[in-house]
**Student:** 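Please find one structure pasted underneath; my questions will follow.
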Amino acid sequence: MSGLPPDLALAVAAGAVLALATGTAALARRRRDRAYGRLTYLDPGPGRLAPLLVAPRVGLTGRPDEVRRGRDGASVPVEWKTARAPPRGPHPSHRVQVLAYCLLLEETTGRSPPFGVLRYSDGPEFRVPWDAAARREILGRLADLRRPYDGRADPSPGKCAGCRWATGCDARAV
């Protein structure tokens with residue numbers, strides 16, 4: 001870059017490094033996605049919703065962010081999170097959400113997914129195994145949801161302040 005002013009040469013070099021890094025990251029994402037299989041379902045989000053997956057036998061409905069089908073025919077749900085990856089691994093609620101999508105896929109396709117995927121905005125992703133223990137866990141949680149509320153919530157003003165259910169909740173902190 002001889003002949004360019006030093007500031008311009010630095011800007012050009014920085015732009016080239018950024019373009020290379022962005023392109024490399026995009027290629028890595030595509031390669032990782034292909035490892036899970038072909039994209040067969042995508043929920044584009046608000047305004048244009050994908051078809052709802054319905055499993056009446058277990059009383060569950062939902063829309064995973066995407067579903068990929070591997071060469072063996074098994075489908076894998078992929079859930080995108082806009083948050084950064086938690087330092088100690090996925091939040092329990094995120095994990096349970098992926099288990100629910102695994103159950104939905106098992107019920108709607110007749111095939112058990114080998115796992116579900118949680119992908120965070122800053123890059124990390126986690127495979128959530130789908131096995132007999134995971135199935136028992138999500139079916140147990142669904143059974144818990146069908147039981148009358150037992151009052152075990154431990155609300156606090158901080159938790160309740162931003163909750164969209166606060167105005168109708170009988171357990172809210174006063």
Side-chain angles (χ1 to χ4, degrees), residues 22-86 88-150 153 159-160 162-169 171:
T22 303
T24 302
L27 285 173
R29 265 193 310 278
R30 276 193 225 116
R31 190 175 304 120
R32 182 175 59 191
D33 286 344
R34 279 196 307 271
Y36 296 138
R38 185 175 52 86
L39 182 66
T40 59
Y41 176 101
L42 179 67
D43 184 8
R48 291 183 32 213
L49 297 176
L52 188 65
L53 300 182
V54 180
R57 188 179 75 77
V58 294
L60 188 61
T61 62
R63 288 184 180 94
D65 289 331
E66 66 181 56
V67 175
R68 294 190 168 270
R69 182 167 296 136
R71 289 187 183 131
D72 65 353
S75 295
V76 172
V78 179
E79 177 63 15
W80 290 79
K81 293 298 180 188
T82 56
R84 295 177 57 83
R88 293 189 176 102
H91 293 299
S93 61
H94 295 173
R95 195 178 143 283
V96 167
Q97 183 181 10
V98 170
L99 293 181
Y101 292 144
C102 287
L103 180 59
L104 267 171
L105 286 174
E106 184 176 88
E107 289 286 317
T108 58
T109 67
R111 289 197 66 170
S112 295
F115 54 86
V117 176
L118 267 169
R119 187 174 289 162
Y120 289 89
S121 65
D122 57 340
E125 66 178 37
F126 300 90
R127 284 187 179 196
V128 179
W130 178 247
D131 54 20
R135 186 178 299 102
R136 280 191 305 275
E137 179 183 349
I138 193 64
L139 289 172
R141 289 183 182 261
L142 287 170
D144 287 346
L145 289 172
R146 292 184 183 92
R147 289 190 193 99
Y149 177 62
D150 63 8
K159 284 182 185 176
C160 295
C163 178
R164 65 181 174 163
W165 307 109
T167 57
C169 178

**Student:** Quick one: does any side-chain atom of Ser75 pair with a main-chain N or O of Val67 as donor and acceptor, under 3.5 Å?
**Tutor:** no
**Student:** Give a yes or no on whether the backbone of Val76 and the side-chain of Tyr36 come within a donor-acceptor separation of less than 3.5 Å.
**Tutor:**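 Side chain of Tyr36 to backbone of Val76, a donor-acceptor pair under 3.5 Å: no, none is there.
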**Student:** Can you tell me how far the OH atom of Tyr120 sits from the CZ atom of Arg84, to the nearest 0.5 Å?
**Tutor:**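 Between atom OH of Tyr120 and atom CZ of Arg84 there are 12.5 Å.
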**Student:** Look at Glu125 together with Lys81 and state whether they make a salt bridge at an N to O cut-off of under 4.0 Å.
**Tutor:** no
**Student:** Locate the shortest heavy-atom distance separating Trp130 from Pro113; write the atom from each residue and the value.
**Tutor:** CD1-O, 3.1 Å
**Student:** If we check salt bridge (charged side-chain N to carboxylate O under 4.0 Å, His left out) with Glu106, which of these qualifies: Arg111, Arg135, Arg57?
**Tutor:** Arg135
**Student:** By side chain to side chain donor-acceptor pair (under 3.5 Å), which residues pair with Arg147, not counting sequence neighbours?
**Tutor:** Asp144
**Student:** What do you reckon, are the aromatic ring centroids of Phe126 and His94 less than 6.0 Å apart?
**Tutor:**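 When the ring centroids of Phe126 and His94 are compared, they turn out to be at least 6.0 Å apart.
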**Student:** Taking side chain as C-beta onward, heavy atoms only, is Leu103 less than 4.5 Å from Leu139?
**Tutor:** yes
**Student:** Short question: side chain of Arg146, backbone of Leu142 - any donor-acceptor pair under 3.5 Å?
**Tutor:**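 It does hold such a pair.
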**Student:** Please report the shortest heavy-atom distance between Pro129 and Leu99, naming the atom on each side.
**Tutor:**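 Where Pro129 meets Leu99 most closely, the heavy atoms are O-CD2, 3.8 Å.
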**Student:** Taking all heavy atoms of Ala50 and all of Leu42, pick out the closest pair and write down the distance.
**Tutor:** CB-O, 3.3 Å
**Student:** Less than 4.5 Å apart, any side-chain heavy atom of Leu53 and any of Arg63?
**Tutor:** no
**Student:** For Thr61 and Leu104, work out which heavy atoms get closest and say how close.
**Tutor:** C-CD1, 3.8 Å
**Student:** Can you tell me how far OH of Tyr41 sits from CZ of Arg68, rounded to the nearest 0.5 angstrom?
**Tutor:**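 Interatomic distance, Arg68 CZ to Tyr41 OH, rounded to 0.5 Å: 14.0 Å.
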**Student:** How far apart are the closest heavy atoms of Leu118 and Arg95, and which atoms are they?
**Tutor:** CD1-N, 3.9 Å
**Student:** Between atom CG of Leu60 and atom CZ of Arg141, what is the distance when rounded to the nearest 0.5 Å?
**Tutor:**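 If we round to the nearest 0.5 Å, Leu60:CG and Arg141:CZ are 13.5 Å apart.
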**Student:** Distance to the ring centre below 6.0 angstrom and angle to the axis at most 45 degrees; does that hold for Arg127 and Phe115?
**Tutor:** yes
**Student:** Looking at CD of Glu66 and CG of Leu39, how far apart are the two atoms once the value is rounded to the nearest 0.5 Å?
**Tutor:**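 Glu66 CD to Leu39 CG: 5.5 Å, rounded to 0.5 Å.
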**Student:** Rounded to the nearest 0.5 Å, what separation is found between the OG1 atom of Thr108 and the CG atom of Leu52?
**Tutor:**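 It comes to 10.5 Å.
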**Student:** What heavy-atom pair brings Val98 and Gly116 nearest, and what distance separates the two atoms?
**Tutor:**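 Val98 and Gly116 have their closest heavy atoms at CG1-CA, 3.5 Å.
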**Student:** I'd like to know if the side chain of Asp65 reaches the main chain of Trp80, judged simply by a donor and an acceptor atom lying under 3.5 Å from each other, with no hydrogens or angles considered.
**Tutor:**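 Such a contact is found between Asp65 side chain and Trp80 backbone.
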**Student:** When rounded to the nearest 0.5 angstrom, what is the spacing between CD in Glu107 and OG in Ser112?
**Tutor:** 9.5 Å
